[in-house]
Amino acid sequence: MTDDFAARAAYLRDQLNYHSYCYYVLGAPVITNAEYDRLYQELQQIEAEHPELITPDSPTQRAGSDLSEDFPKVRHPAPILSLGNAFSPEDLRAWEERNLKLLPAGAQLDYTLEPKLDGLTIVITYENGYLTQAATRGSGEVGDDVTANVRTIRSIPLKIPARPDGPPAPERLTVRGEVLFLKKDFEAVNRKQDELELPRYINARNTASGTLKQKDSRITAGRPLSCFIYGVVQVAGARWDKQWDILNALRDFGFPVAPGVGYYPTLSDIIQQLPTWESRKNQLEFEIDGVVIKVNDLRIAEELGFVGKDPRGAIAYKFPSEEMTTRLVGVTVNIGRTGKVTPTAQLEPVFLGGVTVVNASLHNYDQIARLDIRLGDMVIVKRSGEVIPYVIGPVTAMRDGSETPILPPETCPFCGTAIIQPEGMVDYFCPNPLCPERVFRSIEFFVSRGAMDIEGMGPQTVKTLIESGFIQDEADIFYLRREPLLELEGFADKKVDNLLASIEAAKQRPLTQFLASLGIDGVGGVAASLLADHFGSIDALQNAAAEQIDEIEGIGPVLAQNVVDWFADPHHRRVLDKMRAAGVNMQAERKAAASDKLAGLTFVLTGTLPTLSREQATELIETHGGKVAGSVSKKTSYVLMGDSPGSKADKARALGVPIIDEAGLRRLIGGETRAPEQPQLL
Ligand code: IVH
């Protein structure tokens, strides 16, 4: 019998070692991660039952490490363990059975259920309430000291209790949690990349890891990382007997605890919850790859001990994989408004994360060449969250020799112009500004929701209007007339009236919005607002030299030159002139001062306010005559504090600067004339 297990274990070891070589060394995985996990789990189970079969080359003996030479090392007060996996309710039942066998007869188990956050482990120590150290998991025994970077994460309290009514801090507390990007923040990081014309980040977890391990903590501070805390590694001066009590205590101290954590008296209750978690996975603000189930009674959990590095008292239930293998049957070439050529994979339909996928991103031709993806290949496709599915790479082991290389097109499929690759750039371009596809894409962008937001002008309508000769550029939109439109098929009275009304309304968009709609390289919402504030009109901007634009804080020389080049283009000038003649607004609004109630006062903002964004709060203060500064000093009149404030709140307290909340600010500006002492101080 043991011989069979020995043979099976040897087979699994070889398979796993081969597949990890394919994945890590060749960058060409043959099986999906889920398949790998299955094999790994089977080996782990055999080894647990037959420890004599464990060999030094078993992949289970590989101590994962993310140590880097750039950081001092920290020894964790207790080993930072990992978790075993379950893939089905049966696996969970078997886990409970195994545990019950190890406990005295009649033992009862209750559980907590927590989201399995897809980020990276962080271990944070507080001494007498103050954050003194933060480290990565590293080898599990020793981690990288990333204290300076962790201090930049707004949701991590620098001092506990973070709330005035919280319980007193224990003498020494080491907690464990997960650092990650909220989905919206990761999207914002990528939008910034777009604006700077840098490549998008693909994997949120890897980007979070890279951000946390930045040598320069200012870079980390500029990236909105988040964190959730879920456990206690060691504590002196307090004691908890239940995991559920720990989660509640953590929340009371002011730690961010993941929404959705729950207590359940039996495993059946837990199993009932699994479909709900799986179906709402995509609606969550953060990425999860499963849920974690923990034995609630910590004494029992300890008694249960470990299998290898995994505690028996907790297990991860992993959702079905969102990676699948399918055949790449074609590549579509798309041309964007800037002429950029993007290849899209056409796939044999595959069911992935709940939907049928037939298209996936191939990023660019450089990446295709690097990964050696060929037409006809079996490829691994991944879909995570709401993101567009993308091709991870080919399964080279499944080639039969009929696959053909994928090359960038020589000519534009829409206008026939020769495709170029500008020096030093990864991307290929159709250089013809009159290319019908480019014209279509740029008008489609101009009217879209994020730009001029002309309701009733979806891509299909734009196409019809171009094809029937009504519009050739963005400005023609403002010259559309009722009668000729009514001649078009499908353009009934009401539709035409609504369309013309939304076009009329679009003429009055604020300058910032108009500027961001022009499609100038790198000029998204942020740059547009800086330019609009500084120049106040299209005319002034059009006549500005690159040096003048470059002077604005937040605008670099490359962007400044893009703006100048855009306005120098005779075609763009013609289009602008036509729009101006049609009465499109090209002036900034004068910001009327609402009052001077805050005149002479300087505010510093910290944390997240309940209803106002940072920009809105700044605007509110400025329109009432106040000033907003970046850092706290003796000259600061008030610190305006929201949730999860940063170190500015501590500094304010140290300097005796009054702290107010959003309601306090509103009281300051409030209807009646009130003296500044009136807001309630926190
Ligand atoms: S408990 C002994 N709870 O998943 C305790 N881990 O696959 C082990 N993770 O290394 C960890 N969310 O980085 C725990 N609610 C959660 C978690 C969680 C995410 C991560 C953690 C761990 C990995 C194991």
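The basis for the numbers below is simple: all heavy atoms, side chains too, and nothing from hydrogens, waters or symmetry mates. Counting convention: from 1, in listed order, for ligands and their atoms alike.
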Which of Asn149, Asp144, Asp145 passes side-chain hydrogen bond (donor to acceptor under 3.5 Å, both in side chains) with Thr147? Answer is Asp145

So how far is it from Ile315 CD1 to Ile270 CD1, rounded to the nearest 0.5 Å? 12.0 Å

Donor + acceptor pair across side chains of Glu127, Thr132 (<3.5 Å): yes

Measure and list all N/O to N/O distances between ligand 1 and the protein that fall under 3.5 angstrom.
residue  : atom   : partner : partner atom : Å
ligand 1 : 3 (N)  : Lys294  : NZ           : 3.0
ligand 1 : 4 (O)  : Lys116  : NZ           : 3.0
ligand 1 : 6 (N)  : Tyr230  : OH           : 3.4
ligand 1 : 7 (O)  : Lys116  : NZ           : 3.1
ligand 1 : 10 (O) : Arg176  : NH2          : 2.9
ligand 1 : 12 (N) : Leu117  : N            : 3.1
ligand 1 : 13 (O) : Thr121  : OG1          : 2.6
ligand 1 : 13 (O) : Glu178  : OE1          : 2.8
ligand 1 : 13 (O) : Glu178  : OE2          : 3.2
ligand 1 : 15 (N) : Glu114  : OE1          : 2.9
ligand 1 : 15 (N) : Pro115  : O            : 3.3

Can a donor-acceptor pair be found, under 3.5 Å and without considering hydrogens, that links the side chain of Trp277 to the backbone of Glu114? no

Parallel, tilted or perpendicular: which one describes the rings of Phe255 and Tyr126, with boundaries at 30° and 60°? perpendicular

For residues Asn296 and Tyr263, is any side-chain donor paired with an opposing acceptor at under 3.5 Å? no

